[in-house]
Trainee: 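Below is one structure. I have some questions about it.
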Amino acid sequence: MKEDNKHSGQGGSLNFLEQIIEKDLAMATTGGRVHTRFPPEPNGYLHIGHAKSICLNFGLAAKYNGKCNLRFDDTNPTKENVGYVNAIREDIRWLGFDWEEREYYASDYFGELFDMAVVLIRQGDAYVCDMSGEEIAAGRGTPSVPGKISPWRERPVEENLELFERMRKGEFPDGSRVVRAKIDMASPNMHLRDPVMYRIMHAHHHRTANKWCIYPMYDWAHGQSDYLENITHSICTLEFEVHRPLYNWFLDKLGISQNRPRQFEFARLNLNYTVMSKRKLLELVEGRYVKGWDDPRMPTISGLRRRGYTPASIRVFSDKVGVAKRENVIDMALLEYCIREDLNRNAPRVMTVINPVKLVIENYPEGQVEELQALRNPEKPEEGYRKVPFSKTLYIEQGDFMEDPPKKFFRLSPGSEVRLKYAYLIRCESVVKDQQGNITEIRCTYDPGTKSGMAPTRKVKGTLHWVSAAHALEAEIRLYDRLFEVPDPENVAQGGNFKDNINPASLQIVRGLAEPGLRDAMPGERFQFERTGYFCVDPDSSPGSLVFNRTSSLRDSWAKMKDSQG
RNA sequence: UGUCCUGUGGUGUAAUUGGCAACACGUCUGAUUCUGGAUCAGAAGAGUCCAGGUUCGACCCCUGGCAGGACAACCA
C-alpha cells in the first residue's frame with residue numbers, strides 16, 4: 001500500500017496499465033516479468049510529454065521489479081543523428097532514470113529483421129512491389145473506399161526472394177521498389193492495406209553507416225524489436241491504437257507466441273499555454289521566437305532544466321497527471337505547483353531587488369555596517385544562517401513603496417512603518433523626486449530597538465526585502481513568463497498561426513541587485529529570491545556577471561487581489 | 001456513408017469491478033506568519049454525454065443515439 005502511494009497519483013488506486021500488469025502478474029501471462037522500453041526516435045529533442053512516457057515506462061518497471069530498456073528507434077537514416085542520441089541520453093539520465101547496459105537501437109536488429117522478412121516472403125505473406133510512392137498512395141483507397149490490388153501482389157515467391165536480395169545489395173535506386181506485407185487491400189483499417197515494410201534509401205546511417213540501403217518501416221521494426229528485447233508491455237500513445245492489429249499480424253505470421261509482446265496505448269500529455277509538436281517547436285527555434293531548444297520558455301526537457309525545474313518536480317508532475325486513455329489538457333498551473341512545492345522546501349533564500357529604488361535611513365550612522373543573521377531556509381532551520389550586510393543606504397523594490405497607497409496596501413508609504421527583513425522597523429519620512437516627478441529616494445528613520453531577534457516589539461503588517469547599496473551585486477535577471485498568452489495556442493482563426501499567440505512579454509530582462517553572498521553562485525544553482533520567486537543561475541553566468549532565470553514567481557495573493565479589483 | 005478509441009466538478013485522475021461520487025490542481029473564506037510565500041482550518045463546485053432497459057440498487061451491465069479524437073508518409 002505504501003508502495004502504491006509512492007508511485008500512483010491517486011493514493012492506492014491503480015491506473016489502467018497497472019491493473020493490466022497486476023493481472024498479468026497474478027495470472028503469470030508474462031512469466032512473472034515486466035519489461036518495458038522507452039523508444040525515442042533520435043530526430044529531435046525530448047519534451048515534457050516524453051517525460052511522462054519516460055516516467056511511465058521506467059516507473060512501471062521499477063514498481064514491478066522489472067526492467068526498462070532505452071531503445072533508439074532509428075529506422076530512418078535521413079532524419080536521425082548522433083547529436084540527438086546524446087541529447088536524449090542526457091535528458092533521461094538527468095530525469096533520474098537508468099537503463100543500465102540496456103541501450104539498444106532498432107538498427108541493431110536490421111539483420112534479424114531482414115531474415116524475418118525473408119520468412120514472410122517465403123510464406124507468401126509479403127512481396128516486392130514495383131509501384132512508385134504515388135501509385136501506392138493512390139491505390140490505397142480511403143477509409144471508406146477499398147484500395148486496389150497491386151499488380152505485383154502475386155509475384156512468385158522465388159522472384160520476390162531474388163528481388164529482395166537485390167534490393168539489399170543496392171542494385172535498385174531509391175523509391176523504385178518496396179517490400180509490402182500481403183494483408184487486405186479492402187480492410188477498413190488503412191494500416192492493413194498491404195503496408196510497406198521496406199523502402200530503398202541509399203543513405204548513410206548514424207550507426208550502420210553504408211551497410212544497408214533498405215530500411216524497415218516503423219510498423220515492421222517495432223513489434224519485432226520488442227520481441228527481440230523480450231518486452232512484455234509495449235506502451236505507446238493513442239495514435240498507434242489503429243496500428244495494433246498490424247503489430248499483432250506480424251507477430252502472428254512469424255509464429256511468435258512465447259514471450260510475445262503486447263502493445264498498450266495511453267493518452268499523451270497536453271499542456272495548456274504551450275505547444276508540444278516537434279514541428280511547431282522546431283518552428284519556434286528556427287524562426288528565432290526563442291533562443292534555442294533549451295530556451296527556458298520551451299517545454300523541452302532541456303528548456304525546463306535551464307529554466308530551473310528539478311528532475312524531482314517533473315517526476316512528481318508526471319505522477320500527478322495520471323495515465324488514462326482519454327485526451328487531456330493539463331493545466332500549466334499544476335506544473336508550476338510541482339516546482340514551487342519542491343523549491344519551497346529545498347531552495348535557499350536570498351534577497352534580491354529586481355526593480356530597485358534607493359532608500360536612505362536618516363538616523364543610521366554613516367559608514368556603519370552590520371552583519372545580520374538571516375535564515376538560509378525557514379523550511380529547514382537546521383541549515384542555519386547566512387550573513388547579510390546592512391547599512392545606511394539600501395535598495396528596496398519599487399513596488400514596495402506607494403505614495404498614495406490603496407486600502408489594503410501593507411507595504412511602505414509616507415508615515416507608515418514596515419519591517420526590513422532580518423533588520424529593523426523603519427518609518428518613511430519623506431520622498432525625493434526628480435524633475436519628472438519620479439521617486440528617486442525614499443527617506444526613512446529606523447528604530448534601533450527593533451532589531452530582528454530582539455524581544456517582541458510592535459507589530460507591522462509588512463516585511464520588505466532589501467539589499468545594501470554598497471554591498472549589492474549587480475545581476476542580469478531574466479524574467480520568464482508563459483510563451484503563449486492563450487490556453488490553446490493552436491486554436492487560431494482561419495489564416496492564423498499559432499505563433500500569433502506568442503506572449504510578447506514572455507521574456508523581460510532587467511538588472512537587479514543581489515545580496516553579496518550570491519557572488520559565487522554557480523550555473524544550475526537554485527534560489528528563492530525572498531518574496532519574488534524562484535530563480536536559477538543560467539549557464540551564461542560567470543563570476544563577474546551573474547545571470548539568473550526566473551523559474552517561477554511565488555504565489556502572489558496581493559497581485560491577484562489587485563487584478564480582481566481591475 | 002468505414003474502422004477503432006474515448007465521454008465523471010473549471011482541469012486531471014479515482015470509485016474495493018453493481019451499494020447514491022473521492023483525491024489533486026485551480027477558485028473562494030478565515031487563522032497564522034519577520035516572505036501578501038509556506039502552513040493550518042474551512043467552503044463552493046459534478047449527480048457521472050443523452051434516452052431507454054435490467055436490477056431492491058447503475059459511473060459501472062444491455063440497447064439506441066449524440067459528441068470528441070485517431071487512421072488514407074516509401075515518417076515515427
Side-chain angles (χ1 to χ4, degrees), chain A residues 8-15 19 39-41 43 73-76 78-80 129 131-134 136-138 140-147 174-180 187-193 195-201 215 217-219 221-222 236-245 265 267 272 278 320-331 333-338 340-341 344-345 349 351 375 378-379 408-411 418-423 425 450 452-453 459-465 528-533 553-561:
Chain A
S8 166
Q10 307 301 332
S13 64
L14 304 175
N15 66 48
Q19 288 177 15
E41 182 185 14
N43 73 338
D73 216 338
D74 56 351
T75 56
N76 187 347
T78 63
K79 295 189 174 175
E80 298 146 4
C129 178
M131 294 200 290
S132 70
E134 301 79 69
I136 290 177
R140 203 182 313 273
T142 70
S144 49
V145 177
D174 287 4
S176 58
R177 286 175 226 270
V178 294
V179 173
R180 299 175 73 177
S187 172
N189 182 338
M190 299 294 290
H191 296 278
L192 262 21
R193 322 248 262 224
V196 173
M197 294 170 62
Y198 276 99
R199 72 291 214 186
I200 299 172
M201 288 171 125
Y215 291 93
M217 300 288 289
Y218 166 86
D219 287 302
H222 206 86
C236 60
T237 46
L238 248 32
E239 66 268 29
F240 291 99
E241 213 153 23
V242 277
H243 293 238
R244 185 161 16 102
E265 310 87 15
N272 60 17
K278 269 180 191 171
K320 284 187 183 297
V321 299
V323 183
K325 297 194 71 157
R326 63 178 113 147
E327 303 286 343
N328 60 82
V329 182
I330 304 295
D331 195 335
L334 182 61
L335 219 207
E336 290 169 349
Y337 167 81
C338 290
R340 286 186 182 125
E341 186 190 43
N344 172 55
R345 175 84 189 133
R349 314 284 130 125
M351 291 195 285
L375 234 23
E379 301 291 322
K408 293 214 185 154
F409 187 76
F410 299 155
R411 281 109 99 144
V418 297
R419 172 168 291 284
L420 289 178
K421 181 105 179 165
Y422 297 123
L425 255 35
T450 58
S452 187
K459 296 248 179 201
V460 290
K461 286 282 211 169
T463 299
L464 272 40
H465 63 283
Q528 183 196 104
F529 287 1
E530 204 95 40
R531 300 210 306 134
T532 60
S553 61
L554 250 35
R555 288 185 68 215
D556 188 346
S557 50
W558 166 240
K560 200 180 278 182
M561 196 171 166

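What's counted below: heavy atoms across the whole structure, side chains too, no hydrogens, waters or symmetry copies. Quick note on labels: first sequence line is chain A, next is B, and so on, each numbered from 1. Model, not experiment: these values are computed from the prediction.
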Trainee: Judged by atom type as modelled, is there a donor-acceptor pair below 3.5 Å linking the side chain of A:Asp556 to the main-chain atoms of A:Ala559?
Mentor: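 Flag set: sc A:Asp556 to bb A:Ala559 pair under 3.5 Å.
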Trainee: Quick one: A:Met131 CE to B:A73 P, roughly how many Å, whole number?
Mentor: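 Distance check: A:Met131 CE to B:A73 P gives 13 Å.
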Trainee: Taking B:G64 as the reference, what is the distance to B:U27 when you measure between their C1' atoms (whole Å, please)?
Mentor: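 My reading of the C1' atoms in B:U27 and B:G64 gives 39 Å.
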Trainee: Please work out which of the three classes, parallel, tilted or perpendicular, describes the rings of A:Tyr218 and A:His243, given edges at 30° and 60°.
Mentor: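 Perpendicular.
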Trainee: Just the table, please: protein N/O against nucleotides 67-70 of chain B N/O, every pair under 3.5 Å.
Mentor:
residue	atom	partner	partner atom	Å
B:G69	O2'	A:Glu327	OE2	3.0

Trainee: Which nucleotide in the list B:A76, B:A24, B:G36 gets nearest to the side chain of A:Trp558?
Mentor: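 Taking heavy atoms from C-beta onward, the closest nucleotide is B:G36.
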Trainee: Indicate syn or anti for B:G47, taking the glycosidic torsion and treating anything within 90° of 0 as syn.
Mentor: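 Because its glycosidic torsion lies within 90° of 0, B:G47 adopts the syn conformation.
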Trainee: Which part of the nucleic acid does A:Pro378 contact within heavy-atom distance under 4.0 Å: base, sugar-phosphate only, or nothing?
Mentor: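 Base contact.
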Trainee: Would you mind reading off the distance between A:Ile330 atom CD1 and B:A24 atom C1', rounded to a whole angstrom?
Mentor: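 Roughly 11 Å, once rounded to whole Å.
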Trainee: Is the closest side-chain heavy-atom distance between A:Lys461 and A:Lys408 below 4.5 Å?
Mentor: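 The answer is no; the side chains never approach within 4.5 Å.
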Trainee: Output the single nucleotide from B:C74, B:A76, B:G37 whose closest atom is nearest the side chain of A:Ile136.
Mentor: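 Per side-chain heavy atoms of A:Ile136, the pick is B:C74.
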Trainee: Can you check the distance between B:A51 and B:U39, where both ends of the measurement are the P atom (answer in whole Å)?
Mentor: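 These two P atoms come out 42 Å apart once rounded.
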Trainee: Can you measure A:Arg180 atom CZ to B:A72 atom C1' for me and round it to whole angstrom units?
Mentor: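 One finds 12 Å between C1' of B:A72 and CZ of A:Arg180, rounded.
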Trainee: Taking only side-chain nitrogens and oxygens of A:Thr532, does any of them come within less than 4.0 Å of OP1 or OP2 of B:G37?
Mentor: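 No, outside the criterion.
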Trainee: Grab the CG-P distance between A:Leu464 and B:G36 for me, whole Å please.
Mentor: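 Answer to the nearest Å: 8 Å.
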Trainee: Does the side chain of A:Val196 come within less than 4.5 Å of A:Val179's, by heavy atoms?
Mentor: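 Side chain of A:Val179 against side chain of A:Val196, heavy atoms only: no contact under 4.5 Å found.
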Trainee: Say you pick atom C1' in B:G45 and the same atom in B:A24; how far apart are they, in whole Å?
Mentor: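 Each nucleotide's C1' atom is 15 Å from the other's.
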Trainee: With respect to the side chain of A:Asp331, which nucleotide from B:C71, B:U13, B:U11 is positioned closest?
Mentor: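 The closest nucleotide is B:U11.
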Trainee: Using a cut-off of less than 4.0 Å, is there contact between a side-chain N or O of A:Thr75 and OP1 or OP2 of B:A76?
Mentor: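 Indeed, a polar side-chain atom of A:Thr75 lies that close.
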Trainee: At under 4.0 Å, does any side-chain N or O of A:Lys560 touch on OP1 or OP2 of B:U27?
Mentor: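 Indeed, a polar side-chain atom of A:Lys560 lies that close.
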Trainee: Scan A:Val329 against the nucleic acid and name what it touches under 4.0 Å (heavy atoms): base, sugar-phosphate only, or nothing.
Mentor: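 Sugar-phosphate, backbone atoms only, no base.
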Trainee: Using the P atom as the point on both nucleotides, what is the distance between B:A21 and B:C4, in whole Å?
Mentor: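 35 Å, rounded to whole Å.
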Trainee: Which residues pass the ring-ring contact (aromatic ring centres under 6.0 Å, His included) test with A:Phe529, not counting sequence neighbours?
Mentor: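 In terms of ring-ring contact (aromatic ring centres under 6.0 Å, His included), with neighbours along the sequence ignored, A:Phe529 is linked to A:Phe535, A:Phe548.
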Trainee: At 4.0 Å (heavy atoms only), tell me whether A:Tyr215 reaches a base, stays on the sugar-phosphate, or touches nothing.
Mentor: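 Counting heavy atoms under 4.0 Å across all strands, no contact is made by A:Tyr215.
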Trainee: Among A:Thr75, A:Asn76, A:Asp74, exactly one meets side chain to side chain contact (heavy atoms under 4.5 Å, CB included) together with A:Glu41. Which residue is that?
Mentor: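 Of the listed residues A:Thr75, A:Asn76, A:Asp74, the side chain to side chain contact (heavy atoms under 4.5 Å, CB included) partner of A:Glu41 is A:Asn76.
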Trainee: Does some side-chain heavy atom of A:Thr450 sit less than 4.5 Å from a side-chain heavy atom of A:Arg419?
Mentor: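 Yes - at least one pair of side-chain heavy atoms lies under 4.5 Å apart.
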Trainee: To the nearest Å, how far apart are A:Leu192 CG and B:C4 C1'?
Mentor: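 For the pair A:Leu192 CG and B:C4 C1', the rounded distance is 12 Å.
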Trainee: Touch check for A:Ser557, heavy atoms < 4.0 angstrom, all strands: base, sugar-phosphate only, or nothing?
Mentor: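 Here A:Ser557 touches the backbone only, sparing every base.
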Trainee: With nearest nucleotides of RNA chain B determined for A:Val323 and A:Leu420 from heavy-atom distances, which residue corresponds to the more 5′ nucleotide?
Mentor: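 Going by which nucleotide is closer to the 5' end, it is A:Val323.
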Trainee: For B:G37 and B:A46, measure between their P atoms and round to the nearest Å.
Mentor: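 Looking at atom P only, B:G37 and B:A46 are 28 Å apart.
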Trainee: Taking C-beta and beyond as the side chain, do A:Leu554 and A:Gln528 meet within less than 4.5 Å on heavy atoms?
Mentor: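 Counting from C-beta outward, A:Leu554 and A:Gln528 do come under 4.5 Å.
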Trainee: With a 4.5 Å cut-off on side-chain heavy atoms, are A:Arg349 and A:Glu379 touching?
Mentor: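 Side chain of A:Glu379 against side chain of A:Arg349, heavy atoms only: contact under 4.5 Å found.
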Trainee: If you only use heavy atoms from C-beta on, which nucleotide in B:A15, B:G37, B:U13 is closest to the side chain of A:Arg349?
Mentor: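 Out of B:A15, B:G37, B:U13, the nucleotide with an atom closest to A:Arg349's side chain is B:G37.
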Trainee: Could you measure between the two C1' atoms, the one in B:C62 and the one in B:U55, and give it in whole Å?
Mentor: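 It works out to 12 Å between them.
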Trainee: Report the distance from atom NZ of A:Lys461 to atom P of B:U33, rounded to the nearest whole Å.
Mentor: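 One finds 11 Å between P of B:U33 and NZ of A:Lys461, rounded.
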Trainee: Whole angstrom is fine here: how far is it from CG in A:Leu14 over to P in B:U13?
Mentor: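 Rounded to the whole Å, the gap is 16 Å.
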Trainee: Using atom C1' in both nucleotides, what's the gap between B:C59 and B:U16 to the nearest angstrom?
Mentor: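 Straight-line distance between the two C1' atoms is 15 Å.
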Trainee: Just to be sure I understand the rule, does A:Gly462 reach a base, reach only the sugar-phosphate, or reach nothing, if contact means heavy atoms closer than 4.0 Å?
Mentor: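 Nothing: the residue A:Gly462, judged by heavy atoms under 4.0 Å, touches no strand.
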Trainee: Heavy atoms only, 4.0 Å cut-off, all strands: where does A:Lys459 land among base, sugar-phosphate and nothing?
Mentor: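 If one applies the 4.0 Å heavy-atom cut-off, A:Lys459 turns out to touch the sugar-phosphate alone, with no base involved.
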Trainee: The side chain of A:Arg326 lies closest to which of these nucleotides: B:A76, B:A15, B:U8?
Mentor: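 The answer is B:U8.
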Trainee: Hey, is B:A15 sitting syn or anti, using the within-90° cutoff around 0?
Mentor: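 Anti conformation for B:A15.
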Trainee: Quick one: list whatever passes ring-ring contact (aromatic ring centres under 6.0 Å, His included) with A:Tyr337, sequence neighbours left out.
Mentor: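 Here no residue qualifies.
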Trainee: Could you tell me whether A:His222 contacts a base, only the sugar-phosphate backbone, or nothing, with contacts defined as non-hydrogen atoms closer than 4.0 Å?
Mentor: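 Nothing, no heavy atom under 4.0 Å.
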Trainee: Can you check the distance between B:C20 and B:U48, where both ends of the measurement are the C1' atom (answer in whole Å)?
Mentor: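 One C1' to the other, the span is 12 Å.
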Trainee: Are A:Lys325 and B:G7 close enough that a side-chain N or O sits under 4.0 Å from OP1 or OP2?
Mentor: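 Negative; the distance criterion is not met.
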Trainee: Within a strict 4.5 Å, meaning less than it, do heavy atoms of the A:Arg180 and A:Pro195 side chains meet?
Mentor: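 No, every pair of side-chain atoms sits at 4.5 Å or beyond.
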Trainee: Any non-hydrogen side-chain atom of A:Glu265 less than 4.5 Å from a side-chain atom of A:Thr237?
Mentor: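 Result no, sub-4.5 Å side-chain heavy-atom pair not found.
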Trainee: What are the two closest heavy atoms between A:Leu238 and A:Glu327, and how far apart are they?
Mentor: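 Shortest heavy-atom separation between A:Leu238 and A:Glu327 comes out as CD2-OE2, 3.9 Å.
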Trainee: Check whether any side-chain heavy atom of A:Lys421 lies under 4.5 Å from a side-chain heavy atom of A:Leu464, and answer yes or no.
Mentor: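 A side-chain contact under 4.5 Å is absent here.
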Trainee: Is A:Arg419 side chain donor-acceptor paired with the B:U35 base, going by distance under 3.5 Å alone?
Mentor: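 No pair found.
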Trainee: From CG of A:Asn328 over to P of B:A14, roughly how many Å is that when rounded to an integer?
Mentor: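 To the nearest whole Å, that distance equals 11 Å.
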Trainee: Just to be sure I follow the notation: if a pair is Watson-Crick (purine N1 to pyrimidine N3 plus N6-O4 or O6-N4) or a G-U wobble (N1-O2 and O6-N3), each under 3.5 Å, what dot-bracket string does RNA chain B give, with | for pairs to another strand?
Mentor: .((((((..((((.....[..)))).(((((.......))))).....(((((..]....))))))))))).....
Trainee: Quick one: side-chain hydrogen bond (donor to acceptor under 3.5 Å, both in side chains) partners of A:Ser176, sequence neighbours excluded?
Mentor: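 So A:Ser176 forms no side-chain hydrogen bond (donor to acceptor under 3.5 Å, both in side chains) with any residue.
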Trainee: Encode nucleotides 38-44 of chain B as B, S and - characters from 5' to 3', where the letter depends on protein heavy atoms closer than 4.0 Å: B to the base, S only to sugar-phosphate, - to neither.
Mentor: S------
Trainee: Out of B:G36, B:C74, B:U33, which nucleotide sits closest to the side chain of A:Arg199?
Mentor: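 It is B:C74.
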Trainee: What's the base orientation of B:U48: syn (chi within 90° of 0) or anti?
Mentor: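 Anti, angle beyond 90° from zero.
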Trainee: Has A:Gln19 got a side-chain N or O lying under 4.0 Å from the OP1 or OP2 atom of B:U13?
Mentor: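 The answer is no; no side-chain N or O of A:Gln19 sits under 4.0 Å from OP1 or OP2.
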Trainee: Using a 4.0 Å heavy-atom cut-off across all strands, classify A:Phe529 as base, sugar-phosphate, or nothing.
Mentor: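 Answer is nothing: A:Phe529 stays at 4.0 Å or more from every strand.
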Trainee: Considering non-hydrogen atoms only, spot the tightest contact between A:His222 and A:Pro39 and give its length.
Mentor: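 Result for this residue pair: CE1-CB, 3.6 Å.
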